[in-house]
Structure formats: C-alpha cells, structure tokens
Amino acid sequence: MSVGNWAVVVSDLPESLGRTPISPCRVSRWFDCPALVENDANLAAVAEHWRGAAQDSADFIHLLIGHRTGAAVVLGGRLHRGRAGAAGEIAGLAILGLDGTDRTALRGGDDVAHVFTAAAEGEPSAVERVHHFASTYALGTAAMVLTVNPDLVVVGGGISRAGETLTGPLRRYLEDLCIDPPEVRVSELGVEAVALGAVRLGLDRSDRDLFEFPSSYDPSVPSAVPADRAHTTEATSASS
C-alpha cells in the first residue's frame, strides 16, 4: 500500500528469529530507507481510533484475533505500549489457551466460517463451540477491562467477520465477569486495519518531523518489538 511518499509493508517474520529485537534501525537497513516498527495489534487499534469503530472512544481495548492473537490498549486517546511494548500481550499467558488450541477447538474439523454460519442459524454443536471460544477470550479480556476500565472493546482481525455471532456471547461473558462492563463492537475495518494503522503511524511521524506536531501514536523513541509478538508491521518511507 502506498500513500504519497510512504509505503506500508506487512510481513510475517520467520519464527527462527525468536525473540530477536526488531528495531527501526535494523529494518531501515533491510529496506534501505527510514522505517518505523510496530506490532499488528497496536496498529489495528490506531486504525480503529482513526477511522473505525473506536473513533468516539478515548479509552478502549482492541482484540486482534486471526491466525494469532494480540490485544492493544488505548488510554486517554493515546496508544499505551507499556515499559517495553508488551502491553496487551494476553496470548502470552499460557493458562488462557490462546496459543492456537482455541481456534482448533472452535473448528472441530470444520471451516471456521462454516462454524459461525451454523451457530448463527442455531445449530447446537456450533453454538456450543462459539460460546466456548467466546468464554476463553472473555477471561483475558476481563482481566484487562478490570485493570483499565475502558469504554469499549473492539473485536478485530479475521474473526471479526463473525460479527454479532461472536460479540454477543463475548459481551454476555464480560457482563458476568466485569464490575463495569464495556461496550463491545465488531471492527469496522476488518483485515485492513493493520495496514491502515501503519499508514496513520507514518503520517504521524511525517507531521512530527516536518511540522513538529505532537502524536498520540508515534513514540519519540520507538521500542524494539520481539519478533514472536504476533505479526510485525513495518511502515517504511519510500524516500529518505
């Protein structure tokens, strides 16, 4: 995707990199141009705040559920990365089962889209699998909600195509688990959110460099992001 003089490159980094720090300087050498580095869940949250389901919310959690699972936190209209960029990494808590076994249990040998379609039509086995999937995500999400008390939870990634079939059960589980349950919405940007968030990050950096505008998303000193935290997205400038 290209916007003006910027290009957005979304890359699944090889697993062999492990927890090797991926710094902007390193990515700049790969592409031979200035680069920014951010994880996919954070970028999707930036996009939803800019052009999607969270435009009217200053405090929200974004769940990115697809081939992998990630989450991002926006507080006071600013992306909250934490000390080392690990805020929202609920999939790292093995006890939650968000390591791929959740999606395997959801499929049960079927295509995920078929399972959600069947659940929407009331097929008992599919409904049970979707509710189990929603309850699994509700536990980790509730822990985040109870910590930061957001207005909103946005469900994004490929799983967002399920719409209310997933967000309905998730909402009900959060109502049972949380003292002040947030609103739950499905992403308005779907699988395009990560790339769009990278565009916003690049635009913010341009504004900062050219006009000294403050940014809610682009940190003054970007943190290195471990390669095994979801996908890594590089928003790279096409010119130095």
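Val154 and Leu146 fall into different hydrophobic clusters, where Ile, Leu, Val, Met, Phe, Trp and Tyr side chains are chained together by heavy-atom contacts under 4.5 Å. Val186 and Ile61 fall into different hydrophobic clusters, defined by Ile, Leu, Val, Met, Phe, Trp and Tyr side-chain heavy atoms under 4.5 Å apart, directly or through other members. Note: the hydrophobic cluster containing Val153 also contains Met144 (ILVMFWY, side chain heavy atoms under 4.5 Å, direct or indirect links). Clustering ILVMFWY residues whenever any of their side-chain heavy atoms sit less than 4.5 angstrom apart, transitively, puts Leu106 in the very cluster that holds Ile90. Following chains of ILVMFWY side-chain contacts shorter than 4.5 Å, one can reach Val73 starting from Leu63, so the two form part of one hydrophobic cluster.
Applying the salt bridge (Lys or Arg N to Asp or Glu O under 4.0 Å) test to Arg51 and every residue at least two apart in sequence or in another chain returns nothing.
Judged purely by atom type and a 3.5 angstrom limit, Arg185 uses its side chain to pair as donor or acceptor with the backbone of Ala53. Side-chain atoms of His62 do not come within 3.5 Å of backbone N or O of Asn42 as any donor-acceptor pair. Side-chain N or O atoms of Ser135 include one that pairs as donor or acceptor with a backbone N or O of His132 at under 3.5 Å. Not one N or O on the side chain of Glu89 forms a donor-acceptor pair closer than 3.5 Å with the backbone of Gly92. In terms of modelled atom types and a separation under 3.5 Å, the side chain of Thr69 and the main chain of Ile65 share no donor-acceptor contact.
The ring pair (Phe, Tyr, Trp, His ring centres under 6.0 Å) analysis of residues 137-165, with sequence neighbours excluded, yields the pairs Phe133-Tyr137.
The closest side-chain heavy-atom distance from Leu177 to Leu139 is below 4.5 Å. Using a 4.5 Å heavy-atom threshold, the side chains of Leu79 and Glu38 count as touching. Contact check for Val155 versus Leu166: side-chain heavy atoms found under the 4.5 Å cut-off.
Between Ala87 and Gly82, the closest heavy-atom pair is CB-N, 3.9 Å. Val145 and Cys178 get closest at one heavy-atom pair: CG1-SG, 3.6 Å. The shortest heavy-atom contact between Ala44 and Leu64 is CB-CD1, 4.0 Å. What you find for Arg171 and Glu164 is that their closest heavy atoms are NH1-OE2, 2.8 Å. Nearest heavy-atom pair across Gly140 and Leu96 is CA-CD1, 3.7 Å. Between Gly197 and Ala47, the closest heavy-atom pair is N-CB, 3.5 Å.
A salt bridge between Asp176 and Arg172 is absent, with no side-chain N of the basic residue lying under 4.0 Å from a carboxylate O of the acidic one.
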Query raised in the report: Given His131 and Tyr173, is the side-chain contact (heavy atoms from CB on, under 4.5 Å) satisfied, shown in steps?
Result: CA-CA 9 Å; His131 277 248; Tyr173 283 117; 3.9 Å; yes
Requested in this report: Any chance you could lay out the side-chain contact (heavy atoms from CB on, under 4.5 Å) test for Phe116 and Ile159, step after step, and finish with the verdict?
Outcome: CA-CA 10 Å; Phe116 280 114; Ile159 209 77; 3.5 Å; yes
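If you take NE2 on His80 and CG on Asp59, they are separated by 11.5 Å, rounding to the nearest 0.5 Å.
Remark: Glu175 CD is packed, more than 12 non-hydrogen atoms of other residues, nucleotides or ligands lying under 6.0 Å away.
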